[in-house]
Amino acid sequence: VLVEVVYRPDEITLLVTDDGQGFQMPVDFDALVEQGHYGLLGLHERVQSLRGTVQMSSTAGQGTQIRICLPLSAVDQPAETVRDPVCGALIHPQQAYSSVVYQGQRYYFCCPVCQGAFQHSPEVYLSEK
């Protein structure tokens, strides 16, 4: 595995290349689940939550390359602790699993279960406030 990190004034780029088994690349990232690549889908979701981009290429029998670009001004996060709207856990925004903007406000989540529950029925968790 080769890992390369490039720092620029406006972004950080991470390039990971391996010479492993590789796999057939799906047309879109959601299809990664059908192939059993849950970690790659999770990686893509996290990078998107930071307003970054992911590019993947892979060839069966030859390996995989992943390029992640994250803007340094990715997300304006509050400095204080925030509360997960689903389970009530107190978390630091920079350590949150993910965040979602709903009706103009950003909500932070401790885990994918809480994020999924919120995205399915946000009004349930916001009406309790």
Side-chain angles (χ1 to χ4, degrees):
V1 175
L2 174 66
V3 178
E4 181 181 350
V5 180
V6 178
Y7 295 93
R8 294 192 183 101
D10 59 337
E11 74 178 8
I12 296 173
T13 301
L14 172 67
L15 182 63
V16 180
T17 306
D18 73 27
D19 60 355
Q21 295 178 354
F23 59 94
Q24 180 67 38
M25 287 295 298
V27 175
D28 73 18
F29 280 101
D30 292 333
L32 288 168
V33 171
E34 295 169 12
Q35 295 181 1
H37 299 292
Y38 302 104
L40 293 175
L41 181 62
L43 173 98
H44 183 256
E45 290 173 348
R46 286 181 182 216
V47 169
Q48 279 189 319
S49 75
L50 295 170
R51 298 186 191 136
T53 60
V54 177
Q55 297 171 328
M56 289 188 217
S57 62
S58 187
T59 304
Q62 295 183 17
T64 302
Q65 183 178 71
I66 301 172
R67 175 184 299 276
I68 299 170
C69 295
L70 295 173
L72 291 177
S73 61
V75 178
D76 295 326
Q77 297 179 345
E80 70 276 358
T81 301
V82 295
R83 188 172 298 277
D84 183 314
V86 175
C87 70
L90 293 174
I91 50 179
H92 295 285
Q94 64 273 20
Q95 295 175 331
Y97 167 76
S98 186
S99 67
V100 170
V101 175
Y102 178 72
Q103 294 184 342
Q105 185 169 343
R106 183 168 296 277
Y107 297 92
Y108 295 88
F109 304 95
C110 67
C111 67
V113 173
C114 288
Q115 179 184 353
F118 182 86
Q119 288 178 304
H120 183 262
S121 302
E123 61 282 348
V124 170
Y125 302 101
L126 299 179
S127 65
E128 295 175 2
K129 289 184 174 186

query = For the hydrophobic clusters of this structure (ILVMFWY residues joined by side-chain heavy atoms under 4.5 Å, transitively), does one cluster hold both Leu2 and Val54?
reply = no
request  = Give, for atom NE2 of His44 and atom OG1 of Thr53, the distance between the pair rounded to the nearest 0.5 Å.
outcome  = 8.5 Å
request  = Kindly give the heavy-atom pair with the smallest separation between Ile91 and Cys110, and that separation in Å.
outcome  = CD1-N, 3.8 Å
message = Show the nearest heavy-atom pair for residues Asp84 and Cys114, with the distance to one decimal.
response = OD2-CB, 3.4 Å
Show me the donor-acceptor pairs within less than 3.5 Å that the side chains of residues 62-71 make with the rest of the protein, sequence neighbours left out.
unit_1	atom_1	unit_2	atom_2	d
Thr64	OG1	Ser58	OG	2.9
Gln65	NE2	Thr17	OG1	3.2

inquiry  = Please determine whether residues Val113 and Leu41 belong to a single hydrophobic cluster, defined as Ile, Leu, Val, Met, Phe, Trp and Tyr linked transitively by side-chain heavy-atom distances below 4.5 Å.
reply    = no
ask   = Can you list every pair that meets salt bridge (charged side-chain N to carboxylate O under 4.0 Å, His left out) and has a residue in residues 32-46, with sequence neighbours left out?
value = none
key: Any residue meeting side chain to side chain contact (heavy atoms under 4.5 Å, CB included) with Val1, in chain and number order, not counting sequence neighbours   = Val3, Val16, Asp18
Heavy-atom closest contact (Tyr108 atom, Pro93 atom, distance) = CE2-CB, 3.7 Å
task = Look at the side-chain heavy atoms of Ile, Leu, Val, Met, Phe, Trp and Tyr, link any pair under 4.5 Å apart, and say whether Leu15 and Leu50 land in one connected group.
result = no
note = Sorted by chain and number, sequence neighbours left out, side chain to side chain contact (heavy atoms under 4.5 Å, CB included) with Pro112 holds for Tyr97
query = What is the minimum heavy-atom distance between Pro85 and Tyr125, and which atoms define it?
reply = O-CB, 3.6 Å
task = Measure the CZ-OG distance between Phe118 and Ser99 for me, rounded to the nearest 0.5 Å.
result = 10.5 Å
inquiry  = Do Val5 and Met56 sit in one hydrophobic cluster, given that two such residues count as connected whenever their side-chain heavy atoms are within less than 4.5 Å of each other, even indirectly?
reply    = yes
inquiry  = If the condition is ring-ring contact (aromatic ring centres under 6.0 Å, His included), which residues does Phe23 pass it with, not counting sequence neighbours?
reply    = His37
request  = Might you point out which heavy atoms bring Tyr107 and Tyr102 nearest each other, and give the distance in Å?
outcome  = CE1-O, 3.8 Å
query = Does Tyr38 have any side chain to side chain contact (heavy atoms under 4.5 Å, CB included) partners at least two apart in sequence or in another chain, and if so, which?
reply = Val33
message = Gln119: which residues meet the side chain to side chain contact (heavy atoms under 4.5 Å, CB included) condition with it, sequence neighbours left out?
response = Val100, Gln115
